[in-house]
Structures are given as structure tokens and as C-alpha cells.
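Below: one structure, written as C-alpha cells.
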Amino acid sequence: MTLDDMKKAAAKAALEHVTAGTIVGVGTGSTANHFIDLLAGIKGRIDGAVASSVATANRLKKHGIEVIDLNMVDALSIYVDGADEATRYLHLIKGGGGALTREKIVAAMAKKFVCIVDESKMVDVLGTFPLPIEVIPMARSFIARHLVKNLGGEPVYREGAITDNGNVILDVYGLSIMEPVKLETELNQLTGVVTNGLFARRGPDVLIVSGKDGIKTLT
Ligand code: 5RP
């Protein structure tokens with residue numbers, strides 16, 4: 001079983017959480033793409049989808065799934081998305097694909113956040129995967145200097161990457177994140193930071209982990 005097979009199996013398991021007659025929030029990345037492709041098979045039973053990125057919106061539309069502006073939606077039953085790292089305590093690092101801010105907004109609005117990962121994403125302590133931070137372009141060096149001085153990690157500018165919101169990303173290497181909720185909160189206080197890729201304050205309600213031995217569901 002390849003990693004991609006595992007991602008697909010996780011996506012399939014998430015489909016069971018989708019309720020007919022509701023709007024589905026959809027994440028970004030290769031695991032979320034499997035979910036979109038499977039969602040297409042039941043598109044007649046849902047009321048549409050909210051996308052967490054332009055790439056996801058395009059894939060949903062290609063399948064003929066109606067993409068609805070989040071501002072037009074007053075309730076979102078579920079949000080399904082992947083992650084770059086996850087712990088058994090349902091804390092995540094996301095944003096490898098650069099969509100962290102919109103992902104965080106859709107996750108915040110959803111009644112149920114279902115995260116789908118293959119087993120390679122599971123860690124005891126977050127931080128081996130560099131933590132993405134979306135920043136306003138003019139604040140990039142200011143924030144990077146602050147992080148070096150106060151955080152101890154090494155921020156690296158993601159060259160050439162512009163987010164869907166017109167901002168840039170710093171990936172912070174070399175962290176060992178013992179208190180994800182605290183760090184998420186502190187980073188978001190820095191002027192110029194749009195948001196960071198820690199999903200700890202609003203982590204998933206359900207974490208589906210797909211491995212060689214099958215599916216595990218953590219809540
Ligand atoms: C995008 C994300 C993705 O969920 C994360 O990067 C995982 O991607 P993949 O499913 O391709 O491994 O946060 O911003």
C-alpha cells in the first residue's frame with residue numbers, strides 16, 4: 001500500500017461523515033483532492049461546497065460541484081482537510097500547500113472538522129515539519145527577525161509563493177512545539193502575521209489516520 005493509497009483510504013473514511021442536504025467545507029492538498037474526487041460521486045446529495053483555496057475551488061467546479069462563497073453560508077456541517085503533521089492530542093501543523101489562512105477560517109466555521117492523514121504524518125511533538133506563517137509582505141523581514149530572536153527557530157522565506165490572499169509565507173524550521181495552543185496564540189499576536197499553521201486552538205474533532213493496518217479514528 002503506497003502513501004497515496006493511504007491518503008485515498010482516509011478520504012473515503014471521511015466521506016462517511018458527510019450528511020446529505022448540507023454544505024461541505026473542503027480543504028487543500030493531495031489528500032483533500034482524493035476527498036474531492038470521492039465527493040463527486042455523491043454530489044447530487046449535498047447542497048454544495050465551500051473551498052479553502054482557489055485550487056480546491058477549481059477542482060470542485062471541474063467535478064460539477066457547486067462552490068459557494070463562505071459569506072453566503074450561515075452554517076457549515078463539516079470541514080474535511082489533510083495536515084502536514086498531527087498528534088494524538090488532535091493538534092496539527094498545516095499550510096504546506098500555503099492555504100492555511102482560508103483553511104483556518106473554514107475550520108473555525110464548521111460544526112465538525114474531520115482531518116484525514118496517512119500514518120506518516122503522525123508525530124509525538126509538532127515541529128519537524130517547518131511551521132508555515134502567512135505574513136503581510138511588507139512585514140516579512142520584521143517578523144523573521146523577531147522569530148529568530150524570540151522563538152529560536154529558523155524562518156525561511158518561501159520564495160515565489162504568493163498566497164490566495166496576496167501574502168507571503170515564512171516556514172520556520174527547527175521547532176519542537178511543546179505547547180501548541182500557546183505558540184499559536186502568541187504568533188497570531190505579532191503585527192504583520194495573518195495566521196500561522198498551528199491548528200491547536202481549533203483542532204479537528206475527528207482525526208482519521210490511514211495506515212498499512214487500516215483506518216484508525218481518533219477523537
Ligand atoms: C495545505 C495543507 C494541506 O492539508 C497539507 O499540506 C497536507 O497536504 P497533503 O494532503 O498534500 O499531504 O495544509 O495548506
Side-chain angles (χ1 to χ4, degrees), residues 1-15 17 24-39 49-60 70 78-87 90-110 113-123 126-135 156 158 160-173 175 177 180 184 187-188 193-211 215 218:
M1 201 181 198
T2 65
L3 275 186
D4 200 53
D5 293 334
M6 290 180 209
K7 289 179 183 195
K8 193 169 180 180
K12 197 169 168 208
L15 210 59
H17 291 264
V24 180
V26 185
T28 299
S30 55
T31 318
N33 280 346
H34 281 302
F35 178 72
I36 296 169
D37 297 346
L38 292 164
L39 194 64
V50 166
S52 63
S53 64
V54 172
T56 287
N58 289 339
R59 197 176 184 103
L60 286 162
L70 188 65
I78 188 170
Y79 176 55
V80 179
D81 197 1
D84 299 300
E85 275 187 353
T87 70
L90 309 189
H91 294 147
L92 311 174
I93 285 183
K94 291 184 46 53
L100 59 159
T101 301
R102 293 190 185 197
E103 291 172 341
K104 206 173 263 199
I105 293 167
V106 185
M109 179 139 170
F113 174 14
V114 177
C115 182
I116 46 177
V117 294
D118 66 78
E119 62 187 0
S120 73
K121 306 282 183 67
M122 293 303 292
V123 296
L126 296 172
T128 302
F129 190 92
L131 177 65
I133 305 182
E134 179 166 350
V135 300
V156 175
R158 202 183 287 183
I162 302 289
T163 69
D164 288 346
N165 314 306
N167 298 313
V168 297
I169 291 182
L170 294 171
D171 291 305
V172 188
Y173 287 76
L175 296 176
I177 303 169
E184 180 180 0
L187 289 174
N188 283 347
V193 166
V194 178
T195 199
N196 68 84
L198 280 167
F199 283 57
R201 287 164 58 92
R202 200 290 183 246
D205 303 294
V206 178
L207 177 62
I208 295 174
V209 185
S210 172
I215 296 285
L218 310 183

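One-based numbering, in listed order, for ligands and for the atoms of each.
Between Glu184 and Lys104 there is a salt bridge, since a side-chain N of the basic residue sits under 4.0 Å from a carboxylate O of the acidic one.
Minimum interatomic distance between Leu207 and Thr87 (heavy atoms only, all atoms of both residues): CD2-O, 3.6 Å. Val26 approaches Tyr79 most closely through the heavy-atom pair C-CE1, 3.5 Å.
Considering backbone and side-chain atoms alike, Ala32 places every N or O at 3.5 Å or more from each N or O of ligand 1. In terms of polar-atom proximity, Gly29 is not counted as a contact of ligand 1, lacking any N or O under 3.5 Å from an N or O of the ligand.
The protein heavy-atom contact nearest to atom 11 (O) of ligand 1 is Ser30 OG, 2.5 Å. Of all protein heavy atoms, the one lying nearest to atom 10 (O) of ligand 1 is Thr31 OG1, 2.5 Å. Considering only non-hydrogen protein atoms, atom 5 (C) of ligand 1 sits nearest to Asp84 OD1, 3.1 Å. Ranking protein heavy atoms by distance to atom 12 (O) of ligand 1, first place goes to Lys121 NZ, 2.7 Å. Nearest protein heavy-atom contact of atom 4 (O) of ligand 1 is Lys94 NZ, 2.9 Å. Of the protein's non-hydrogen atoms, Glu103 OE2, 3.1 Å is the one closest to atom 1 (C) of ligand 1.
Residue Asp81 has at least one heavy-atom neighbour below 4.0 Å for each of these atoms of ligand 1: 4 (O). Within ligand 1, the atoms closer than 4.0 Å to a non-hydrogen atom of Gly97 are 1 (C), 6 (O), 14 (O), numbered from 1 in the order shown. Using a 4.0 Å cut-off to heavy atoms of Ala99, the atoms of ligand 1 that qualify are 14 (O). Taking a cut-off of under 4.0 Å to the non-hydrogen atoms of Gly82, the atoms of ligand 1 that pass are 4 (O). Close contacts of ligand 1 with Gly95, meaning ligand atoms under 4.0 Å from a residue heavy atom, involve 2 (C), 13 (O), 14 (O).
The distance from atom CD of Glu85 to atom CG of Leu131, rounded to the nearest 0.5 Å, is 9.5 Å.
Of the N and O atoms on the side chains of Thr28 and Thr56, at least one donor lies less than 3.5 Å from an acceptor on the other residue. Between the side chains of Ser30 and Asn33, no donor N or O sits under 3.5 Å from an acceptor N or O. Side-chain contact check for Thr2 and Asp4: no donor-acceptor pair (N or O, by modelled atom type) lies under 3.5 Å.
At a threshold of 4.5 Å between non-hydrogen side-chain atoms, the residues Asp37 and Lys8 do not count as touching.
The proximity of Ala83 to ligand 1, defined as any non-hydrogen pair under 4.0 Å, is limited to the backbone.
Of the candidates Leu100, Thr28, Leu92, it is Thr28 that places a heavy atom closest to atom 3 (C) of ligand 1.
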- Task: Evaluate side chain to side chain contact (heavy atoms under 4.5 Å, CB included) for His17 paired with Val80, printing each intermediate quantity in order.
- Result: CA-CA 9 Å; His17 291 264; Val80 179; over 6 Å; no
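The shortest separation from a heavy atom of Gly98 to ligand 1 is under 4.0 Å, placing the residue in contact.
Under the side chain to side chain donor-acceptor pair (under 3.5 Å) rule, Glu134 has a single partner from Asn196, Thr195, Asn165, which is Asn165.
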